[in-house]
Peer 1: 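This structure is in structure tokens; I'll ask about it shortly.
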Amino acid sequence: QSVLVVDDDDFVAEAIQICLADEYTILLAGTIEEARKLMAEMEFSLVFLDLGLPDGDGKDLLLSIRADGFEEPVIIISGDHSRTAEMFIASATCTIIKPISLSVDAEDAGVLAITRRAITHAHRSKQCSVTSDRVADLYGTSAKRITQAVKWVELIQKTSGITNPQ
């Protein structure tokens, strides 16, 4: 399985790469443009996405890839606590607040565990997509997003190192 890390901070990108390299193929992109090119060439099981990129806002990339049909987990990595709720509304899977540490006892296990859970949960969600589609049919798209957000918030509450909107 391949994971894309979109972050212009080499330290953060390499920290995530170190955390996941034993179990996943990791590709790095430092800009939105690089990320778009890689996503056009390959399929990814998960994307880590920074919000502050040199060529734009990561939220714009998130909205764009969702509109293009990318349904896999997107984990926001950001130092901006205030944008967490905004990212959930934009269909982010969860948010990891920077700084990310290289400590094996703390963040490595957390990032790996979060990645595993997000990918596993995404596969399970696809198996149950009829339910989500039915909710959207009955109540509209906003209800589908609310349902997805509630599921992800429950997942986040079980996972250390991640914040959830209050």
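Hydrogens, waters and symmetry mates are skipped; everything else that's a heavy atom, side chains included, is used.
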Peer 1: Determine whether I75 and I65 fall in the same hydrophobic cluster, where Ile, Leu, Val, Met, Phe, Trp and Tyr are linked whenever their side-chain heavy atoms lie under 4.5 Å apart.
Peer 2: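 The answer is no; the residues belong to distinct hydrophobic clusters.
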Peer 1: Would you name the heavy atoms of G30 and L53 that are closest together and state the gap between them?
Peer 2: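 Heavy atoms of G30 and L53 come nearest at O-CD2, 3.9 Å.
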Peer 1: Please answer whether the main-chain N or O of D9 pairs with a side-chain N or O of D50 as donor and acceptor at a distance below 3.5 Å.
Peer 2: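 No; zero donor-acceptor contacts below 3.5 Å.
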Peer 1: Salt-bridge test for D57 and R83: reply yes if a basic N is under 4.0 Å from a carboxylate O, no otherwise.
Peer 2: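 The answer is yes: the pair qualifies as a salt bridge.
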Peer 1: If we ignore hydrogens and angles and just use 3.5 Å, is the side chain of D55 paired with the main-chain N or O of I32 as donor and acceptor?
Peer 2: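 Yes: the side chain of D55 pairs with the backbone of I32.
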Peer 1: How long is the gap from CD1 on I77 to CG on L49, to the nearest 0.5 Å?
Peer 2: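 Reported to 0.5 Å precision, the distance equals 7.5 Å.
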Peer 1: Once rounded to the nearest 0.5 Å, what's the spacing between atom CZ of R66 and atom CD of E72?
Peer 2: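 Separation between the atoms: 8.5 Å.
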Peer 1: Taking C-beta and beyond as the side chain, do V5 and L28 meet within less than 4.5 Å on heavy atoms?
Peer 2: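 Yes, side chains in contact.
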Peer 1: State, yes or no, whether a side-chain contact exists between L20 and F48 at a heavy-atom distance under 4.5 Å.
Peer 2: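 Yes, close enough: below the 4.5 Å cut-off.
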Peer 1: Report yes if some heavy atom in the side chain of I26 is under 4.5 Å from a heavy atom in the side chain of I16; otherwise report no.
Peer 2: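 Sidechains of I16 and I26: no contact.
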Peer 1: Testing L62, V6, L27 for side-chain contact (heavy atoms from CB on, under 4.5 Å) with V47, which one passes?
Peer 2: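 Filter result, single survivor: V6.
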Peer 1: Drop me the distance from D7's CG to I76's CD1, to the nearest 0.5 angstrom.
Peer 2: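 Separation between the atoms: 10.5 Å.
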Peer 1: Given the rule that I, L, V, M, F, W and Y join up when any side-chain heavy atoms are under 4.5 Å apart, are V12 and L4 in one cluster?
Peer 2: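 Not linked; separate clusters.
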Peer 1: Can you give me the closest heavy-atom contact between K59 and L51, atom names plus distance?
Peer 2: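 Closest pair (atom of K59, atom of L51, distance): N-CD2, 3.9 Å.
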Peer 1: From E43 CD over to F70 CZ, what is the distance, rounded to the nearest 0.5 angstrom?
Peer 2: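 These two atoms lie 9.0 Å from each other.
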Peer 1: Determine, using the 4.5 Å side-chain heavy-atom cutoff (strictly less than), whether L63 and L61 are members of one ILVMFWY cluster.
Peer 2: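 No, L63 and L61 fall in different hydrophobic clusters.
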Peer 1: Is there a side-chain contact between S64 and D68, using heavy atoms and a 4.5 Å cut-off?
Peer 2: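 With C-beta onward as the side chain, the pair touches.
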Peer 1: Can you name the closest pair of heavy atoms from P73 and T93 and give their distance?
Peer 2: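 Closest approach of P73 to T93, heavy atoms only: CA-OG1, 3.1 Å.
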